Amino acid sequence: MDALTKELTPPQRDAVTHIDGPLLILAGPGSGKTRVVTHRVANMLGHGVSPFQIAALTFTNKAADEMRARVDKLAPGQPVWMGTFHRFCAQRLRRYASFVGLKENYSIYDSSDSKQAMKRAIAAAGISTTHCSPDQIASSISKAKNRLATPEMMEGHALSPQDAIAAKVYPVYQQQLLTANAVDFDDLLLHIARLLRENPEVRGELDSKYKYIMVDEYQDTNLAQYAIVRALSIDHPNLAVTGDPDQSIYGWRGADVNNILDFEKDYPNVKTVRLEKNYRSTPNILRAADELIRHNQKRKQKELFTDIPEGDPVVLRMYEDGYKEADGIVDDIADKIAGGQYKANDFAIFCRMNALTRSLEHAFRSRALPYQIVGGVEFYQRREIKDLLAYLHLINNPNHDVAFHRVINTPTRGIGAKTIERIRDHADHHRIPMLEAARHAQSIDGLAKRAKTMIGKFITIYDRISKRATSSLEDLIRYVVEETAYEDYVEKTATEQQDANPMANVDEFITATVEFDRQHPDDGSLDLFLEQVALVADTDKFDSETERVTLMTLHAAKGLEFPCVYIIGVEDDLIPHSRSKSTESEFEEERRLLFVGITRAMQNLQLSVCKRRAVRGDIRPVIPSPFLNELPLGEIKRIEAATSYDYFDDEFGDELNQDSYPESWDLPGENDPESGSGDDDIVLEKSVVTSFVDDVSQVAPPPPKAKPKPKPLLSGLKTGSDLLSGGVTPVTAYQEGVTVRHPDHGEGTIVNVTGRGPKRTAKVQFEDGEHSFRLAYAKLELVGKM
DNA sequence: ATGGGGCAGCTTTTT
DNA sequence: GCTGCCCCAT
């Protein structure tokens with residue numbers, strides 16, 4: 001084993017040679033964590049641990065694949081279990097399905113499936129979505145599941161209004177999943193966690209089957225994952241976890257950093273190893289990361305250091321707008337590649353939101369530079385693929401209601417919304433799957449004769465296809481396409497603009513099934529294929545080999561490294577995201593997110609800010625991220641955008657120049673009474689902003705004295721009241737609960753108000769029902785508050 | 001019942 | 001700027 005450990009540093013060796021008992025590896029970025037983990041597996045195998053007793057759990061398939069590849073180099077062909085938490089649970093659940101009321105051929109609903117199911121459950125529960133969107137309800141339920149809360153548990157508690165509504169939907173949703181013999185992503189964890197808790201025999205069985213458990217990115221575990229790992233490490237507490245509290249970026253979906261912070265309390269006699277030395281980044285980059293992360297209050301102090309010689313300074317660059325930013329970066333990359341020092345796959349561009357990749361994509365295309373977007377529109381989400389997959393799902397699991405719903409009238413066969421609704425009601429009433437209900441179509445009241453015939457036809461087709469369930473996937477899918485005349489349908493209904501050739505997608509899908517058949521000559525069940533498809537994420541498609549530039553979100557970047565990194569949109573409301581800065585802990589998570597991004601860079605790092613950015617359509621001025629002030633600005637190379645009056649005038653016109661000149665270059669708090677309300681902890685300090693302002697003010701008109709109007713669109717807006725009375729009623733007077741009068745409908749109460757600008761719309765409850773009005777045009781007179 | 005057009009809402013991040 | 005929904009005309 002000397003060969004295995006001799007090239008390791010002392011702390012790395014400590015971790016690698018530790019076999020029995022709990023082990024905590026606190027690994028800073030670039031500290032050789034994967035190397036340690038993989039060597040450790042090899043070392044265990046070398047010391048006689050059976051590969052079947054080891055399970056290594058990750059969060060992404062990408063991480064699991066990487067680990068497998070590297071273990072395989074050290075110890076070829078060993079059947080150590082490596083995969084994601086979700087896959088681990090999915091496989092256990094196949095075996096123990098009956099324990100939680102499922103059958104072994106259960107289906108995994110992907111997020112769009114769950115969304116459909118959620119809507120149906122909301123309707124069935126008789127809940128109005130006026131005050132709470134399906135997405136909000138879904139998120140409440142998801143969080144409850146991550147906390148291992150059952151419907152009953154959720155019911156009894158004091159809850160926020162949103163949670164209270166969700167608590168009513170939760171049991172209905174869950175019942176419908178059970179009827180459909182299906183689970184959502186959260187259920188995979190929840191079912192296993194509960195199974196382990198409620199069934200000591202199963203727990204003991206699995207605990208001794210997997211005597212050695214390893215968890216990667218332990219700082220991202222949620223309560224369900226914690227409980228699972230814990231339950232599997234009671235009789236054999238050989239649990240090794242690795243992680244970095246500073247890289248905890250999944251709090252928003254229930255991850256709890258305390259799991260790693262309290263690990264030493266949870267597991268007595270734990271061996272703790274700290275890997276702090278960085279083998280990845282230049283000192284410049286590391287200092288930037290370090291100074292930034294030091295600003296987090298809730299944090300364990302940690303040193304980041306390296307032997308790597310001093311490199312190029314970190315660059316902080318300002319661009320006019322998102323397009324200039326994209327062009328500038330792509331040009332920069334093209335230059336560096338032309339210089340011969342770098343290849344395209346040495347570069348990565350990170351952003352906070354997927355939406356920001358759009359302008360970049362454009363720039364890459366126009367320059368014919370190869371790129372890949374990790375996590376864009378997913379192949380398996382395309383319509384054709386979802387349709388065919390739905391057939392496969394329904395064949396594999398006839399109870400799969402979401403698939404039934406998708407397939408029953410695809411291709412169109414004269415079964416409309418009303419018919420489907422009747423089938424659904426019948427199914428709900430008898431608590432049976434929809435396909436079964438459809439088989440009883442004859443006895444469903446109110447179904448038109450025609451509808452009954454059409455349903456019968458569908459059932460015939462379905463049964464015929466089903467008979468092929470056990471042939472190869474390729475056969476099956478080709479048979480489905482043929483029997484349903486899917487090609488005719490898809491050609492006929494193709495929307496010209498986006499998909500020129502939808503059948504190409506179908507062909508690609510068939511190719512994927514051929515590959516699956518080839519890889520699974522014996523065990524290639526439909527089940528396995530569908531599970532595989534359900535559990536691959538967009539981010540798994542990252543490919544570091546081919547020469548292209550990588551575009552991805554900061555979240556997706558974790559665990560990777562690139563010689564040259566660009567982080568775009570380091571702006572307020574982006575990092576930190578506008579929806580993640582209301583609490584201190586959200587804010588600190590955003591800081592960690594930027595920390596993760598920075599620490600991906602090996603040699604070159606550029607952060608960029610725009611003066612203005614197009615946010616869903618309209619152009620808005622930008623405030624630089626407060627995090628920029630937390631960087632070692634003295635040693636950072638700042639490049640400002642060159643600006644001219646002409647440019648500004650062209651873009652904004654006079655009104656905007658005076659009225660809403662980018663408030664970004666104002667110091668928040670100075671002449672901006674509303675800023676800081678509610679988030680006092682977030683104060684943008686002067687340094688960065690002033691330096692930018694100084695520069696900008698040489699070329700652009702000075703900032704206005706008055707507070708700029710945040711939404712110029714509203715200023716010229718006539719309200720309904722204006723039209724009637726000539727008085728000036730601000731649109732803001734129209735609020736939920738306000739009573740209004742309409743010439744046709746009489747008096748009514750505003751139920752809710754949505755939208756902005758000219759789209760701003762009020763929904764009003766009158767005696768004769770609900771009506772919606774655009775506030776800009778409606779003849780609504782204010783009567784008063786209720 | 002179908003398909004198109006228009007409209008509302010929204011977009012953080014992922015298994 | 002895109003998607004999913006609703007309503008309308010066929």
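None of these values were measured; they are calculated from a predicted model. Below, chains carry the letters A, B, ... as their sequence lines are ordered, and counting in each starts from 1.
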Exercise for the section: Give the rounded distance in Å between these two atoms: CZ of A:Arg450 and C1' of B:dT2. Expected result: 11 Å
Practice task
State, yes or no, whether a side-chain contact exists between A:Ile619 and A:Asp321 at a heavy-atom distance under 4.5 Å.
Solution key: no
Handout entry: Phosphate contact (B:dT11 OP1 or OP2) by A:Asn354 side-chain N/O below 4.0 Å
Key = no
Exercise for the section: Mind calculating the distance between CD1 (A:Ile420) and P (B:dA1) to the nearest angstrom? Expected result: 9 Å
Fill in the blank from the handout: Judged by nearest nucleotide, the residue sitting upstream toward the 5' end of DNA chain B, A:Arg253 or A:Ala417, is A:Ala417
Completion exercise
A:Arg613 atom CZ is separated from C:dG1 atom C1', nearest whole Å, by 15 Å
Practice task
Send over the distance from A:Trp252 CH2 to B:dT11 P, rounded to a whole Å.
Solution key: 13 Å
Problem - Below 4.0 Å: OP1/OP2 of B:dT14 and any side-chain N or O of A:Lys62 - result: no
Completion exercise
For A:Phe59, the ring pair (Phe, Tyr, Trp, His ring centres under 6.0 Å) test, sequence neighbours excluded, returns A:Phe85
Practice task
Establish, with yes or no, whether the OP1 or OP2 oxygen of B:dT14 is under 4.0 angstrom from a side-chain nitrogen or oxygen of A:Thr553.
Solution key: yes
Practice task
Answer yes or no: does a side-chain N or O of A:Ser111 lie under 4.0 Å from OP1 or OP2 of B:dT14?
Solution key: no
Problem - ring pair (Phe, Tyr, Trp, His ring centres under 6.0 Å) involving A:Tyr566 - partner list, sequence neighbours excluded - result: none
Practice task
Measure from CG on A:Leu593 to P on B:dT13 and round the result to the nearest Å.
Solution key: 11 Å
Handout entry: With A:Asp527 via salt bridge (charged side-chain N to carboxylate O under 4.0 Å, His left out) - residues at least two apart
Key = A:Arg94
Problem - A:Glu571: partners by salt bridge (charged side-chain N to carboxylate O under 4.0 Å, His left out), with sequence neighbours left out - result: A:Arg613
Completion exercise
A:Asp110 CG to B:dT14 C1', in whole Å, measures 12 Å
Practice task
From the options C:dG1, C:dC5, B:dT14, select the nucleotide whose nearest atom is closest to the side chain of A:Tyr250.
Solution key: B:dT14
Practice task
Under 4.0 Å from any atom of DNA chain B, heavy atoms only: list the residues of residues 401-414 of chain A that qualify, in numerical order.
Solution key: A:Asn409, A:Thr412, A:Arg413, A:Gly414
Fill in the blank from the handout: Taken in chain and number order and not counting sequence neighbours, the residues that satisfy ring pair (Phe, Tyr, Trp, His ring centres under 6.0 Å) with A:Phe364 are A:Tyr371
Completion exercise
Contacts of A:Arg68 meeting salt bridge (charged side-chain N to carboxylate O under 4.0 Å, His left out) (sequence neighbours excluded), chain-then-number -> A:Asp65
Practice task
Please list, chain by chain and in numerical order, all residues satisfying salt bridge (charged side-chain N to carboxylate O under 4.0 Å, His left out) with A:Arg406, sequence neighbours excluded.
Solution key: A:Asp387
Which atom pairs link the protein and nucleotides 8-10 of chain C when you take only N or O atoms and keep those under 3.5 Å?
none

Problem - Side-chain donor-acceptor pair present, A:Asp187, A:Gln174, cut-off under 3.5 Å - result: yes
Fill in the blank from the handout: The nucleotide from B:dT14, C:dG1, B:dT13 with an atom nearest the side chain of A:Ala556 is B:dT14
